[in-house]
Every structure is written in structure tokens, then in C-alpha cells.
Amino acid sequence: MSEHVFETHPKASPEATVQGRNYRFTLFNERLIRFEWAEDGQFEDRASTFAINREFPTPKFRVVDGDELQIITDHFLVSYTKEKFSPQSLVFHFNGKSIKYGSPWRFGTPTEFNLGGTARTLDGVDGRCDMGQGVLSKAGYAVIDDSKSMLFDDSGFVAPRRPGDRFDCYLFCYGRDYKDAIKALYAVSGKQPAIPRYVLGNWWSRYYAYHQDEYVALMDKFRAHDIPLSVAVLDMDWHYVSDERVPHAGWTGYTWDKNLFPDPVKFREELHERYLQITLNDHPHGGIHAHEDAYEEMARFLNHDTTNKNPILFDPASPRFMQAYFHILHRRLENQACDFWWIDWQQGPYSKIPNFDPLWLLNHFQYLDSSRDGRSPLIFSRYGGPGSHRYPIGFSGDTVVTWSSLAFQPEFTATASNIGYGWWSHDIGGHIRGIRDDELLARWTQLGVFSPVMRLHSTSSRWMSKEPWLYGDECARAMARFLQFRHRLVPYLYTQSILGSNTDEPLIQPMYWSYPKRNEAYEVPNQYFLGRDLLVAPIVQPRDRRTGLASVRAWLPPQGRFVDLFSGTVYDGGRGVTFYRSISQYPVLAPEGAILALDGEDIPRNGCLNPDVLEIIVVVGEDGETTLIETAEDNSFNGGSTPQRNLEQSKVLIKFQQQKGELVISGSVQRRCIVRFLGLDSIPADFNLAISGAENGEKGDISISKFGNSVPCLSVDIPQIKSGVDIVVNLWQNPQLAVQDHTAALEELIRGYQIEFGMKDRLWNAIEEGKGQPLKIVSSLLSLGYDDAVVGPLVELVSADSRAP
């Protein structure tokens, strides 16, 4: 396994350690400390699954060593009696710079107010589950217990810990500096790597026995319905499952079922020609049996006796077996039709060697193996514990088809960032049990579009498949529209993922990461930032039958104003609000100063290639700046061949200066560019558009249009941008989001209500009589005594923007 050695720096500087016969403390910085106790006095300097780097500059600290040991930094004080770690012997005291309440923590006692981490799987979960612990806590400190994890040896394989009684723990003392705590986690445990661009498109996944021609035809049907895809998933049935030659339950297999896939190479070529990557499901626990194509070659390599055709057992604790597993078993299939592997390990954390977790072994070595020949590494697997963020993408398991499952997934996804795990992929729409509910599927799809990975999935039931056109027209239209938008969003998502990998910030962040001192930020656990410039408040409950609207309680931070990308409504920040949305809308908001780079095609192509038309969304009102990042490999996928890794980046800097009303685009754009200034709904009479940098001196077209058919914007269409020349669009000075008149929208809402006509009259009279006085309208509406589902949507619009007359 020498080719699977990866870079680690596990040995700390001696100057940063305080050591006795059975104890050792290592200070990584003034807020992060490792503490070990070993019965035999042997301490661990090898990398673990959690800690691969302990090589830090020596921080500032003091030691007081007498009968009792004290270690003091500006943020904590360690008090230790030099006995075996216990609540009596080891205490951490915190000062006011880090911990609000100053309560000490005693070893072995529960840590308080932890904000959660994530779970190994959501298999069978219907609603909530325990999310464990991360490195963020409202108490200001958190502890990672690394005492039982596997270690990495110099040969590139893994090694067990020494026997005997020992502790190996890390204390993070970052108060509510949550982003700094995550940066410290990545510094010790390794960065979250960048992902290939195609991961960010729509995945099709179903546990179903497709014939290869049927699968290709289905991909073409998605295209005929104008729904782009980027990843084709094959669940178990690509290999022999129930064939008479299979001597086991059929979950494990490494031989193409020739009845379903008579020509895997042709299948790969046909999907690659459609710009789709292929992932195969692998349940490896059953081993390699005599009917498998690779059995004889594996047996020769492993010196396995084939006289009685005995199976080759799965043995992840054996370096020799793992070498054969990758180089013979997997490579044969990869050369036929597999771009990356879906590792579906469900058999627990046990192997022949204590604390050798097969999931960890599979994730680590498969990820390293996938980077061979200069490829962009990628696996699709379950979470193995702290440190798993190094191996994207995460498969969360078989969820139940209920509103309760949907209601928990946004919080589950966002909270995972607290342990650095930023790339969950869920079974969008659910996998097992439950009922058919078109609205549930539409809302789940919308959540998937604004999640790290968008993967439609279902079980083999003929009633559960997630093709949008199999559902009612309303649901089908909503699904198609949002799935199209997912591919339009890829330039933004890819840029944010690259920047996040560089700056140690996951793509999805809970609200309290940016507003740790605001109680409101903790009261909306389902709400999150998607990248820097999008706030998402998922809808996870059914709509009211009278209004046709579903609701979600949200909090808008004190960050100026926000514009909803799908309704166009402008909201004041710094307050709570309940959003009400039809099935065609979803609360995704951009603040003033936000700049989003999108694919400018209404119906993007398969594969997430760099767009031919670039659409830049600017929300005026504040200065804004962003960088669009693209890589050369994302235009190299053609002719039916797998793209090779070429990570040479091109960058486009986009900057808006509010006072000047000036947008500057710098870098290698060289394509048609559409700029939309969101929320501007008119052009001043004396305004003359000034653009410089367009190809052949073309000035571009300017118009008032609608982004997404609903949001007013001023659009500037620039046919071509010269190579190496900045393009400058000059508006008027200090442009502001337009003040909206919601009268027509309020009338339309009431018209659609399925309620008594007398109620409609009373609602409308309250609006008419309070015209120009929003507070009076709100007061009158509330005084009617109707429930929130009826009054709430009207109050939302009337009170959205305090500038409204």
C-alpha cells in the first residue's frame, strides 16, 4: 500500500509539550490543546484518523509545576494533580475572553451546550436522530476524544493503538469564535478538499434493475424534458444479484449482469457522450465468490486455494487484500464503466483487528486510490467520524418518505459543518416506506437544489420513482424549474466550494456562525447560508389548504435589505419574519451587495461544463465583490472520454461600487455576458448607459426585465467581452432597490384564498383603509382574529420593507 501514503505532520514540537511519566500536554495554539494519559508512559506520535497534523508554531504559555501542574494561556488554565485523568485530577478553567460564564470543565464529565456534529447514517430515520458533538459550543469549549481511532504507519497502511489504558483528547477553547474553531479543526485534521465540478449538478439514482439501453433512454428522456443531469448512479443491480450462480444474498458483486449490461464499455461511452459521470454501488462485505470474473486473478495474487471454490473473504485489515481489491477487482470495473465508487458499508465498525473500522479503511484508501493518473479524487460513502471531511462525498443513507424526515434534513446538513463535514448527499424525496405526496416531493427537491449535493433517489418500488413527469403537473413543473436552476447555480456553487476549501469554510453554514451573539441565530436551526451570498430558509411543512401557501419562520440578520430570488420581494434585515410560499416559490434571499455568477442559459446542458453565457446577478444597495473561478478540466469532457485532471484556474473578479454605481468585470470572460441589477425596475429618463470593454465597440442592450420571470431587474446584455480587457458598466450614482407597491400582489393572494367571500372583503377593506400606513394595515388585519395562515401572507408583504408607503 506504499502508493497510498499521504502527507502527514503528526509530531509536535517538543517546545510545545509538557510531559510527565504518564501524562503529556501539547499546545497547538493558545486555544487548542491535546492531553494524553498512558498507563505505560508511551505516547503517540503517529497520525490518527482525526489528527494528521500536530506541527504548529509553539504558542505563548506558562507552566507552574509543583505538586500540582498548571498550564496557563490567555484563554484557559489547566489544573492537573498528575494522577490518572478523572473529574478530580484534571480541570480546565476558562477566562472571560473565551467563555461567557467561566464554568470549568472536569475531565470525564459532559461538555455543555455543544451545537452538534453529525451521524454515521440516516438509515431508517423518520424524524430526528442524535447528531453527536462537534467543535462548537455555546459554552465556548468542546472536546474530541481520539483515544480509540486508527493510526497511520509509515508504509501508508493503518496501525492499531498500543494496548493498555490510555486517553488521547483535544480541547477546543474558542468561545463563540466559531469560524476560527473550524479553521483549527481543519488545521489538525486536514483540509476539506475541493470537489470536481460535475458533483454539483443533478444526480439520478434509483435502486432498480435497469437494462443499459433502458438507462440511456431514461437519460435522453430527462433531456427531452429539459432537465439537466451530471451524474448517473447505478445501485446494486448492475452486478449479478439473484442469479442462480450467486451463493449469497446478492448485495456484494463484481461481475456485470450480462442480462442487464451486455456491453458495459458501450454503456460508458453512451453516458459520457451525454456528459454524465458514472458511479457504481459497492457493498463489499460479502467478499469475492467463485462466480466472479475476477475470482481466479484475485486468488492467484492472494495465494488463495481455489480447489473447493471457497470465497475470498473481505478483509480490509489486510494490506495485501486491499491492494488486490483496488488493483484487480476495482480497476477491472473502472476500465469498463465506473468513474467513481459508491461505497455502501452498513456492517458496523468491526474487523479482525480491534478499532480497525472497515468504513474508515474503505473511505481513506478508496479516496487516495481515486486520485491515480492525475484524476480528481472522489468517493461517495458514509460518515466515519471526525476527520471524515477529507473524503467527500457523504451518503446519508436510506431515509423514510415523510414530512418528518424532510423537516430534519436542513438542520442535519447545516449542523454537520460543526464537525467540518460539508458535503452530505441525501436521498432526495426519500427511499423507503411513507406515502405518495407530490407536495412533499416538490419541497424535498427544492431543498436538494439548495443543498451541497442534489441527488434524486428512490427504492425499486414502481410507485416511488422520482422522474418529475410521473407526478402531477404542478409538482412536475416546480421540480423541473428548480432542477434547471440547480445547474444554472453551478458557477456560484463551484466558486464558493473552491474558496471554502482554500479558506476552511464549508459551503453550508448555520446562522450562528456569522452571528454568534444573536439569540435569534440559534432559534432557526434549519436556516443557513449557502456560500457567502445566499440565505436559505427551507420549507418543510405542507401548505394550508385554504391559501395554497406553506410557511417557514425565519430570521433575517442585521445586514441591510434582502431580495428573494424567486418572489422579488425586498425585506428589511434585522428581524424575524414568516415566509409564505406557493409550490413554485422557495425562500432564497440575497443581501444588498451580493454578486452571483450563474449559467446564463435558461436550460443548461448536462455535465456542468463552464457556461457559454455568463449571467451576473448584482443586488444594489451596498458595495459588493466576488471572484468567479473556473478550471480547464471543466471543458475537457467530450468525445466519450473521462476528463483528465487539469486544475489550472481562471479567475474573473467582479466588483460593484455602490456610490459610483459602477460594475467592473476583470479577467478572462471572453463570452456573452448578461448583467442583471436585481430590484431596479425603471431607468431614469436622463440615463445613458456607459459600457467599456465590449468586443468591436458594441455597447450592449439595456432593458427592464424579469429575472426568473418574477423578479424585476435592469438587464445589460453584452454580446462579447474582449480578451484581457476589463468591462465597466456605469449606472447612476448610489442606485437603490426599488420600493415595491404590493397592492396587486395582495389582491392576487386574497383572490386565490379558498375562504368565505365575507372574509375576503374584510381582509381587503383592512388593506384599502390603511393605504399608505403599513402599521395600520397590519394592526387592522391582526384585529380581525383570523389565524396566521390566512393573515400571515398579507402581513408579510405589507411589513416587508419599511420604506414602503
>> Going by side chain to side chain contact (heavy atoms under 4.5 Å, CB included), L276 matches just one of E273, H272, R274. Which one?
In response: R274
In Å and rounded to the nearest 0.5 Å, what is the [atom1] to [atom2] distance from [X] to [Y]?
X	Y	atom1	atom2	result
H457	S465	NE2	OG	10.0 Å
F261	Q212	CZ	CD	6.5 Å
F380	N281	CZ	CG	9.0 Å
I665	I616	CD1	CD1	3.5 Å

If we only count heavy atoms from C-beta on, is the [X] to [Y] side-chain gap below 4.5 Å?
X	Y	value
E467	L218	yes
Q409	W444	yes
E622	P591	no
Q336	R268	no

Is it the case that the ring center of [Y] lies less than 6.0 angstrom away from the ring center of [X]?
X	Y	result
W203	F340	yes
Y367	W341	no
F267	Y210	no

